[in-house]
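Labels below follow one simple rule: chain letters A, B, ... track the order of the sequence lines, proteins then strands, and each chain is numbered from 1.
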2 protein chains.
Amino acid sequence: MNSLNRSGLKNTKARAAILKILQQSNRPLSAEEIYDGLVKCNIHVNASTVYRALTALCDKKLIGKTNVTGDKKSFFEYNAKGHRHYLICSECKKIITIERCPLRAYEKMLELETNFTISGHKLSIYGSCPECKDK
Amino acid sequence: MNSLNRSGLKNTKARAAILKILQQSNRPLSAEEIYDGLVKCNIHVNASTVYRALTALCDKKLIGKTNVTGDKKSFFEYNAKGHRHYLICSECKKIITIERCPLRAYEKMLELETNFTISGHKLSIYGSCPECKDK
DNA sequence: AATACAAACGCAAGTCATTTGCGTTTGTAT
DNA sequence: ATACAAACGCAAATGACTTGCGTTTGTATT
Ligand SMILES: [Mn+2]
Ligand SMILES: [Mn+2]
Ligand SMILES: [Zn+2]
Ligand SMILES: [Zn+2]
């Protein structure tokens, strides 16, 4: 009995490998990068299978989906990692994950001001990484 | 001599109207909403003209582009309005603009920690608006 | 181990926002 | 008034997914 079965999903080699790939990554990965990772593991599945697997894993909250680079690509990450922020290099698109969150108090204030019920936030910080900023 | 000409762009009715529509909006608008706004002004242009105009206006920094709802649609806003954040209703996709920014000090700390040169950030807060949260 | 069946898959076609090629029109400088 | 790069209209192309459908497979049951 693994985490897939526990979530009511069938244990397929693609899904298990996707989870492992995301677990071992220290940054969010695009569907394409995940697809490439599978190929490197000699797991050859259709792209639609990758997308369907990612959707299922998101629905079951085993992974998280985010959209951080500003273009139309989504990114995915293993989801035992809690609340995160990202620092993105605008040139090379490198993504650094940041653990600290300075916004809890700010959210509370906003709830009072706007009468919204706030469920969360996304914060992405942009800049030039040490390697790119010298060029 | 208007802001379009000053930026080296030709002054066309579509571009002038797009600027006015965005100036008068209190929230970011999608390309589609802008297109609809033009139609209401009796300005009938091709959708590709709208996209090309938005790209040109972004390049010249007369407007800003953002991607806030998580889906593949982009939003645009008039760009004399400074740094902003958004509060988005996850149900009806309503967007509230927020002026206050609590992150200046946080950015400074991050620069020291990561050695990035930080150029900015995007903060979007998600929740349920007063109208949607009762349903 | 064999059976049964919903879930998952492969493949091809479809979607949707946006982009692009190309021939024609137009804003602006001369 | 003329010239011409810039902008436009239109149709086709893109890219990241999504979906319909017929076939295969993981898992529960005999
Ligand atoms: Mn946070
Ligand atoms: Mn801010
Ligand atoms: Zn970089
Ligand atoms: Zn709402």
Can you tell which of D/dG26, D/dC8, C/dC16 lies closest to the side chain of B/R15? D/dC8

Is there a side-chain polar atom (N or O) of B/Y51 under 4.0 Å from OP1 or OP2 of C/dT18? yes

Atom pair distance, as rounded to whole Å: CE in B/M1 and P in C/dG27: 16 Å

Value in whole Å for how far the C1' atom of C/dA29 lies from CG of B/L9: 16 Å

Between the side chains of A/H121 and B/H85, is a donor N or O closer than 3.5 angstrom to an acceptor N or O? no

Rounded to whole Å, please give me the gap between CG in A/L4 and C1' in C/dA7. 13 Å

Write down the distance between NZ (B/K72) and C1' (C/dT15), rounded to a whole number of angstrom. 6 Å

Using a cut-off of 4.0 Å on non-hydrogen atoms, how would the nucleic acid contact of B/A31 be classed: base, sugar-phosphate, or nothing? sugar-phosphate

Does D/dA16 have its OP1 or OP2 closer than 4.0 Å to a side-chain nitrogen or oxygen of A/S74? no

B/I34 CD1 to C/dA17 C1', in whole Å, measures 13 Å

Who does C/dT28 pair with, Watson-Crick or G-U, both distances under 3.5 Å? D/dA3

Could you please name the option among D/dG26, C/dT18, C/dA7 that lies closest to any side-chain atom of A/N11? D/dG26

State whether B/T12 places a side-chain N or O below 4.0 Å from either non-bridging phosphate oxygen (OP1 or OP2) of C/dT26. no

Between D/dA7 (C1') and B/I43 (CD1): distance, integer Å: 15 Å

Expressed as a whole number of angstroms, how long is the span from A/K13:NZ to C/dA8:P? 14 Å

Taking the nucleotide of DNA chain D with the nearest heavy atom to each, does B/S48 or B/K10 sit closer to the 5' end? B/K10

Under 4.0 Å between a Lys/Arg side-chain N and an Asp/Glu carboxylate O for A/R27 and A/E33? yes

Report which part of the nucleic acid A/R52 touches: base, sugar-phosphate, or nothing (heavy-atom distance under 4.0 Å, all strands). base

Using only heavy-atom distances, determine whether the side chains of A/Y86 and A/E77 contain a donor-acceptor pair under 3.5 Å. yes

Contact between A/L4 and A/L19 at the side-chain level, heavy atoms closer than 4.5 Å - yes or no? yes

Nearest-angstrom distance from the residue atom CG of A/D59 to C1' of D/dT18: 14 Å

Do B/E111 side-chain atoms and B/I118 backbone N/O form a donor-acceptor pair below 3.5 Å? yes

Heavy-atom nearest nucleotide on DNA chain C for B/T55 versus A/V50: which residue maps closer to 5'? A/V50

Between the base of D/dA16 and the side chain of A/K73, is one N or O donor paired with an acceptor at under 3.5 angstrom? no

From the set C/dC9, D/dT25, C/dC11, return the single nucleotide nearest to any side-chain atom of A/N46. C/dC11

